[in-house]
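Accompanying notes for the structure given below.
Labels below follow one simple rule: chain letters A, B, ... track the order of the sequence lines, proteins then strands, and each chain is numbered from 1.
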Amino acid sequence: MTKLQPVRGTRDIFGEDIRRFSYVTDAFRRIAGTYGFDEIITPIFEFTDVFKRTLGDTSDVVTKEMYSFEDRSGEMLTLRPEYTAGIARAYMSNGLAQQGVVRLFGYGPMFRYERPQKGRYRQFHQLDAEIIGAAEPMADIELLALAWQLLNDLGIAGDIKLHLNSLGDPESRSAYRAALVDYFSVHEQKLSEDSRVRLHKNPMRILDSKDHGDRTLLADAPRISDYLTTGAKDFFARVCDGVTALGIPFVHDEKLVRGLDYYTHTAFEFITDALGAQGTVLAGGRYDGLMEMMGGTSTPGVGWAAGIERLAMLIAEPDKPRPAIAMIPLGERAEQHALSLVQELRAAGYSTGMDYKGNMKRRLNRAAKSAARFALILGDDELENNVATIRNLDSGTQEEVALDQILAYFSATLTSS
RNA sequence: GCGGGCGUAGCUCAACUGGUUAGAGCGCCUGGUUGUGGUCCAGGAGGUUGCGGGUUCAAGUCCCGUCGCUCGCCCCA
C-alpha cells in the first residue's frame, strides 16, 4: 500500500485509452444487436470449480494463472480468467435451455496471473459472443460473420488473417492425439525442452511451437485432417463453405490448436502481426463437451472472445468529443443566471461546459481548447439588455441573442448531441 | 516461470569520460490595467533523478537488490 502505482499488470483506462476502449465496445454492442444477440453480464468471480472443471487440469490457466481465494465463509472463489465457463454456468443456472437456441454477448474484465507485456495484462478485457444450443455448422458460420463484421467496422480487417481449423469430434481428437504421441515419442530426444513437457501434458500444443527443431519435426508429423471422422470432416467442410460464401478470407491452418480443453470441431483465430507476440486478436471455437464437463446435460455451443485492449491498439484514434457550448459568466449576477441557463441547455441535450475562473482572455482560451463550438458570454452588459453574446469559436464571429431565444438559436444551428 | 533492454518534471527528452544549487520544449498557472481565444512578451508552480543499499572526497551517471515498463520465450484474447 505504500506505492502509489497500480498493481502489476493492471492499469487505469482514461483519456484516449477510454475513447478507444469505448469505440470498440460500442461497435460490438451495436453489431451484436443486429445479429440478434442478447446482452448478458455474469459475475466477475465464480466458484473455482466452474473454471477448474472446464478448462482442464493441465492448462496453464488453471494450474498457475488463476486469481483464487477463499472468502470469509470459506468458499473457494476465482476471478474469471475467461468468459465462456461463466456463461455456460449462467445458461444452466437460469434454465436457458428452455429458450431453444440462445445467442449471448457481453464484455468485461478477466484476470490472469501472467507476466505482463504489451497487449497482455493481468486484468484485461474481452468481448464475448456465444451461441448455445445449436449443433449446426450454421452457428459457427454466423459467429464468424459477426466477428468479421466487427473487425471490418473497426477498420482493421485488412491487417488481420483468419486461421481456421477443425479439432474434430472426441473420436477424431483422441485418435489424432495418439498418433501424435506415437510420432513424437520416437523423436523425443530431438524435441525442445518445452515440447517434451507438452508431449506428456498436452501433445497437440507441440503443433504451434516456435522452436526451430520442433518445426522441422512437424513437417512430417501426422495431420489432423487425416484423422477426422467423416462426420467431423463434413462438419468442417460446411463451415468452410459458409465462410467462403460470405467472402471472409481465411487460411486452413492445421497447426492451429486451442489452449483450453473444451474445444471440439471448429477452432479459429484472427491474427495480426502488428502486435508482436500477442497477435491473436479474436479467437474461439466450438465446445460441445463443455456443459457435460460442468455436470449439466450435453448441450452444443460455439463462441469466441476478443481482447479489447488489443483491438483498441489497432484501431485509428477516435475523434475527441466536442462540447457544443462553453458558458462564460462574468460576475456574480451573471453566474446566477448562467446556472439555470446551463441547466436548460444540458436538459435540451447540448453538452455544455461552464468556466468561471480567470479573466475573459483565459476563459476564451480554455473554451477554444475544449473544442467547444460556441462560447456563451453573459456579463453585466448583457444582463442589462436581456441578451447573451454568442461567439462562434470556429469562425470568430459573434452576435447578441435575446435570453429567451437562446435555445431556439442553438436548435437552429446545432444538431442536439 | 525463463532470458534481454529500459526507468530523469504531467508529456517528449538533455546533463562530456562520476564533479558545484538536475536543464529544455510542450503542457499548466499568473501578468501585459477596466469583458474576447486558438499568436507574442514576461513571470511562476512542478523532480527525495522508480525505490533501497553499496563503492567513492564526490553518483542521475559505477555495483547489488527490489519494483515497474518493454522485447522474445511460455501462455493466450
Side-chain angles (χ1 to χ4, degrees), chain A residues 2-11 15-16 24 55 58-65 81-84 107-128 147 160 192-195 197-198 201-202 205 208-212 214 256-260 268-272 275-284 303-314 326 328-331 334 355 357-372 374-383 389-398:
Chain A
T2 59
K3 286 167 277 182
L4 251 33
Q5 57 184 196
V7 173
R8 182 162 150 95
T10 70
R11 58 185 201 130
E16 184 186 334
V24 170
L55 299 181
T58 59
S59 74
D60 279 21
V61 172
V62 168
T63 54
K64 45 193 185 197
E65 294 179 359
E82 61 105 34
Y83 222 127
T84 306
Y107 66 89
M110 307 293 147
F111 306 84
R112 249 120 89 160
Y113 186 86
E114 293 184 278
R115 175 122 175 211
Q117 235 173 82
K118 196 205 296 189
R120 184 215 267 181
Y121 307 96
R122 288 185 173 180
Q123 176 178 336
F124 60 104
H125 304 260
Q126 287 187 333
L127 309 175
D128 189 87
I160 294 175
S192 66
E193 206 179 314
D194 282 334
S195 286
V197 176
R198 293 186 181 108
K201 251 175 59 179
N202 194 351
R205 294 245 61 136
D208 58 4
S209 170
K210 285 170 190 162
D211 182 84
H212 263 295
D214 290 353
L256 173 68
V257 288
R258 313 264 37 243
L260 308 179
F268 55 87
E269 285 186 25
F270 287 85
I271 302 173
T272 175
L275 292 177
Q278 274 66 240
T280 300
V281 121
L282 184 156
W304 54 251
I308 297 179
E309 284 85 355
R310 293 181 186 180
L311 292 172
M313 282 190 279
L314 294 174
I328 302 180
L330 299 163
D355 203 354
K357 241 178 104 177
N359 59 27
M360 181 64 121
K361 178 179 169 152
R362 245 90 217 186
R363 292 207 223 182
L364 269 177
N365 206 330
R366 280 193 292 266
K369 274 196 179 119
S370 80
F374 292 94
L376 186 51
I377 301 165
L378 196 61
D380 291 337
D381 296 351
E382 282 82 2
L383 286 176
T389 298
I390 298 181
R391 182 177 179 84
N392 183 321
L393 291 169
D394 292 328
S395 67
T397 59
Q398 65 183 41

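OP1 or OP2 of B:C71 has at least one side-chain nitrogen or oxygen of A:Lys118 nearer than 4.0 Å. Side-chain N/O atoms of A:Arg366 include none lying less than 4.0 angstrom from OP1 or OP2 on B:G37. The phosphate of B:G35 has neither OP1 nor OP2 within less than 4.0 Å of any side-chain N or O from A:Lys361. Applying the 4.0 Å criterion to OP1 and OP2 of B:C28, one finds that A:Lys369 has a side-chain N or O inside that range. Note on A:Asn359: a side-chain N or O is less than 4.0 Å away from OP1 or OP2 of B:G31. Within the 4.0 Å cut-off from OP1 or OP2 of B:G68, at least one side-chain nitrogen or oxygen of A:Arg8 is found.
Contact between A:Glu382 and A:Thr389 at its shortest, heavy atoms only, is OE2-OG1, 2.6 Å. Here the closest heavy-atom approach between residue A:Val281 and residue A:Arg310 is recorded as CG2-CB, 3.9 Å. Closest approach of A:Ala334 to A:Leu378, counting heavy atoms only: CB-O, 3.1 Å. Minimum interatomic distance between A:Phe270 and A:Ala147 (heavy atoms only, all atoms of both residues): CE1-CB, 3.8 Å. Contact detail for A:Glu309 and A:His125: the closest heavy-atom pair is OE2-CD2, 2.8 Å. Of all the heavy atoms in A:Gly108 and A:Tyr83, the pair that sits closest is N-CE1, 4.0 Å.
The distance between atom CD of A:Gln278 and atom C1' of B:U70, rounded to the nearest whole Å, is 11 Å. In this structure, CE of A:Met313 is placed 10 Å from C1' of B:A77, rounded to the nearest angstrom. Atom CD of A:Glu269 is separated from atom P of B:C75 by 12 Å (rounded to the nearest Å). Atom C1' of nucleotide B:U39 and atom CZ of A:Arg362 are separated by 13 Å, given to the nearest angstrom. One interatomic measurement links the two molecules: CG of A:Asp355 to P of B:G37, which rounds to 15 Å at whole-angstrom precision. In this structure, CD of A:Glu193 is placed 17 Å from P of B:G1, rounded to the nearest angstrom. As a whole-Å value, the separation of A:Gln117 CD from B:G72 C1' is 7 Å. Here B:G68 presents its P atom at 7 Å from CZ of A:Arg122, a figure rounded to the nearest Å.
A:Arg363 contributes no side-chain N or O that forms a donor-acceptor pair with the base of B:U36 under 3.5 Å. Between the side chain of A:Gln398 and the base of B:G37, no donor-acceptor pair of N or O atoms lies under 3.5 Å. For A:Arg115 against B:G72, no side-chain N or O and base N or O form a donor-acceptor pair under 3.5 Å.
Residue A:Asp394 is the one, among A:Asp394 and A:Arg112, whose nearest nucleotide of RNA chain B lies closer to the 5' end (criterion: closest heavy atom).
Side-chain atoms of A:Arg112 do not come within 3.5 Å of backbone N or O of A:Glu65 as any donor-acceptor pair.
When heavy atoms are screened at a 4.0 angstrom cut-off, A:Asp208 is found touching no nucleic acid atom at all. Among the atoms of the strands shown, none is found under 4.0 Å from any heavy atom of A:Phe270. Across all strands shown, A:Arg11 has no heavy atoms under 4.0 Å from either base or sugar-phosphate atoms. Contact annotation for A:Glu382: base contact, defined as any heavy-atom pair under 4.0 Å involving a base atom. Using a 4.0 Å heavy-atom criterion, one finds that A:Ile377 contacts the bases of the nucleic acid, with or without backbone contacts as well. Heavy atoms of A:Leu330 sit under 4.0 angstrom from at least one base atom. Note on A:Ala367: nothing from the nucleic acid sits closer than 4.0 angstrom, heavy atoms only. Base engagement by A:Gly119 is indicated by at least one non-hydrogen atom pair under 4.0 Å involving a base atom. At the heavy-atom level, A:Gly284 lies nowhere under 4.0 Å from the strands shown. Nucleic acid contact class of A:Leu311 (heavy atoms, under 4.0 Å, all strands): none. Residue contacts shown for A:Glu65 are limited to sugar-phosphate atoms, with no base heavy atom under 4.0 Å away. No contact: A:Gly279 has no heavy atom under 4.0 Å from any strand.
When the P atom is used for both B:U36 and B:U30, the distance is 16 Å, rounded to whole Å. Here, B:A9 and B:A15 have their C1' atoms 14 Å apart, quoted to the whole Å. Taking atom P on both nucleotides, B:U12 is separated from B:U17 by 24 Å, rounded to a whole Å. When the P atom is compared between B:U39 and B:C28, the two are found 10 Å apart, to the nearest whole Å. B:G47 and B:G52: their P atoms are spaced 16 Å apart (whole Å). B:C51 and B:C67: their P atoms are spaced 15 Å apart (whole Å). Spacing of P atoms, B:G72 relative to B:G65, comes out at 25 Å, to the nearest Å. B:C62 and B:U55 are spaced 8 Å apart, taking the C1' atom of each and rounding to whole Å.
You'll find that the side chain of A:Asp381 is closest to B:G35, out of B:A77, B:G35, B:G37. Here the nucleotide nearest the side chain of A:Asp194, chosen from B:C67, B:G31, B:C74, is B:C74. In this structure, the nucleotide among B:G35, B:A77, B:C74 sitting nearest to the side chain of A:Gln126 is B:A77. For A:Tyr113, whose side chain is taken as the heavy atoms from C-beta onward, the closest listed nucleotide among B:U36, B:A77, B:G1 is B:G1.
Shown here, B:G38 forms no base pair; nothing in the strands shown gives a Watson-Crick or G-U wobble contact with both key distances under 3.5 Å. In this structure, B:U66 forms a base pair with B:G50, meeting either the Watson-Crick or the G-U wobble geometry with both donor-acceptor distances under 3.5 Å. B:G72 is paired with B:C2 under the criterion used here, namely a Watson-Crick or G-U wobble arrangement in which both key atom distances are under 3.5 Å. B:U55 is unpaired under the criterion used here, namely a Watson-Crick or G-U wobble arrangement in which both key atom distances are under 3.5 Å. The base-pairing partner of B:G23, taking Watson-Crick or G-U wobble contacts with both distances under 3.5 Å, is B:C13. Within the shown strands, nothing qualifies as a pairing partner of B:U33 under the Watson-Crick or G-U definition with both distances less than 3.5 Å.
Using a 3.5 Å distance cut-off with no hydrogens or angles, the side chains of A:Thr10 and A:Gln123 do not pair a donor with an acceptor.
The structure places CD of A:Gln398 at 9.5 Å from CG of A:Leu393, a figure rounded to the nearest 0.5 Å. In this structure, OG1 in A:Thr272 is found 12.5 Å from CG in A:Leu282, a value given to the nearest 0.5 Å.
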